[in-house]
2 protein chains.
Amino acid sequence: MHQSGDIVKKLAEQGYRLTPQRMMTISAIEKSDGHISAEEIYAQVITKYPQVNISTVYRTLELLKKLGLVTETDFGEGRVRYHPAGKGHHHHLVCQDCGAIIDLGEAVLAPLKNDLLREYGFSADLRHLAIFGRCVNCNK
Amino acid sequence: MHQSGDIVKKLAEQGYRLTPQRMMTISAIEKSDGHISAEEIYAQVITKYPQVNISTVYRTLELLKKLGLVTETDFGEGRVRYHPAGKGHHHHLVCQDCGAIIDLGEAVLAPLKNDLLREYGFSADLRHLAIFGRCVNCNK
DNA sequence: TTTCGTGCAAACCCTTTGCATTTGC
DNA sequence: GCAAATGCAAAGGGTTTGCACGAAA
């Protein structure tokens, strides 16, 4: 299992500086159980460190993406959300009516992934895929 | 089967005005076999009708979406692409390496759609879904 | 004629960038 | 000390909006 501090450790290992801005950005991402946007990270960091700039948050996110430490999911909101890569992958059902987000284990899409590989030679990256539609309640 | 003019007909039926700007926007969408972006529609319309404004294209697209006459696909380019709803649905495999887009029949995702409905009561809208990954060639 | 649609320009949102300054190591 | 990272402010890309003018029915 992965524990808190993983991301910081990897940054340090690779020779990146552990600035307070980076630490707090990472902490916000790790604390968020679900998915967090750049704005939300910024809002959280600024309460403890009022002089941060949102561009620093974006730069940190880009670094973490590059290093494969966080992944992005697009929920079709016009902005992207971030998730620690170490926390395991999952997929999401996004209700277009009520906005509910239902988490889906990796297993559910495993058959699809296999089909695509077998039939098309296509290696699908389904990490944090968002599937849109209507949830049970809104479907009634 | 659907034929050219479907969209125009439906607009008229619902009492919307058939302005040249709308006709040409619709024509651009219907002519494009694949998926077309707002900018591309605009570029096409402006050659025949130089005074159009891109905001009119956007307003037309919004109207057509509202009426269910076009659907959108997000290929992760930071912009959305449009497709006539009447032309039948399909899905896409988008190669993150070479940018290739492989079309996928509706049948391939039918099992997934059924699974989601049965197991989660979730009615997935998979029209023009884009799945990211690596195509056969880039996978070697 | 009268409501609907358009052009224009400005604003919008999220994200990125150039540059001078600061800071971790 | 010095490269790396930050803050600031401005620009960027795609999209939306307010308002007065123009045109479809």
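Here is the naming used below: chain letters follow the sequence lines, and residue numbers restart at 1 for every chain.
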If only side-chain N and O atoms of R22(B) are considered, is one of them under 4.0 Å from the OP1 or OP2 phosphate oxygen of dG5(C)?
-> yes
So, is Q21(B) near the phosphate of dG7(C), with a side-chain N or O under 4.0 Å from OP1 or OP2?
-> yes
Whole-Å gap separating P (dT6(D)) and CE (M23(A)) = 12 Å
Most 5' of E62(B) and L63(A) on DNA chain D, judged by nearest nucleotide = L63(A)
Judged by atom type as modelled, is there a donor-acceptor pair below 3.5 Å linking the side chain of S27(B) to the main-chain atoms of M23(B)?
-> no
Report the distance from atom CE of M24(A) to atom C1' of dT6(D), rounded to the nearest whole Å.
-> 15 Å
Is it true that a side-chain atom of K87(B) and a backbone atom of E30(B) form a donor plus acceptor pair closer than 3.5 Å?
-> yes
How is G78(A) classified with respect to the nucleic acid when contacts are heavy atoms under 4.0 Å: base, sugar-phosphate, or nothing?
-> sugar-phosphate
Length of the line joining L18(B):CG and dT6(C):P, which is rounded to integer Å | 11 Å
Hey, what do you get for CZ (F75(B)) to NE2 (H92(B)), rounding to the nearest 0.5 Å?
-> 4.0 Å
Which word best sums up how the rings of H90(A) and H83(A) line up, parallel for under 30°, tilted for 30 to 60°, or perpendicular for over 60°?
-> perpendicular
Side chain of R17(B), base of dA25(D): donor and acceptor closer than 3.5 Å?
-> no
Rounded to whole Å, the CZ-C1' distance (R81(B) to dG14(D)) equals 13 Å
Between atom OH in Y16(B) and atom C1' in dT3(C), what is the gap in whole Å?
-> 14 Å
Heavy atom of residues 39-59 of chain A under 4.0 Å from DNA chain C: which residues?
-> E39(A), S55(A), Y58(A), R59(A)
Answer with base, sugar-phosphate or nothing: what part of the nucleic acid does R79(A) contact at a heavy-atom distance below 4.0 Å?
-> sugar-phosphate
Just by distance, do the side chain of R22(A) and the backbone of R17(A) share a donor-acceptor pair under 3.5 Å?
-> yes
Approximate separation, where rounding is to 0.5 Å, of E62(B) CD and S55(B) OG = 11.5 Å
Is there a path of hydrophobic side-chain contacts, each under 4.5 Å between heavy atoms of I, L, V, M, F, W or Y residues, that connects L11(B) with V45(B)?
-> yes
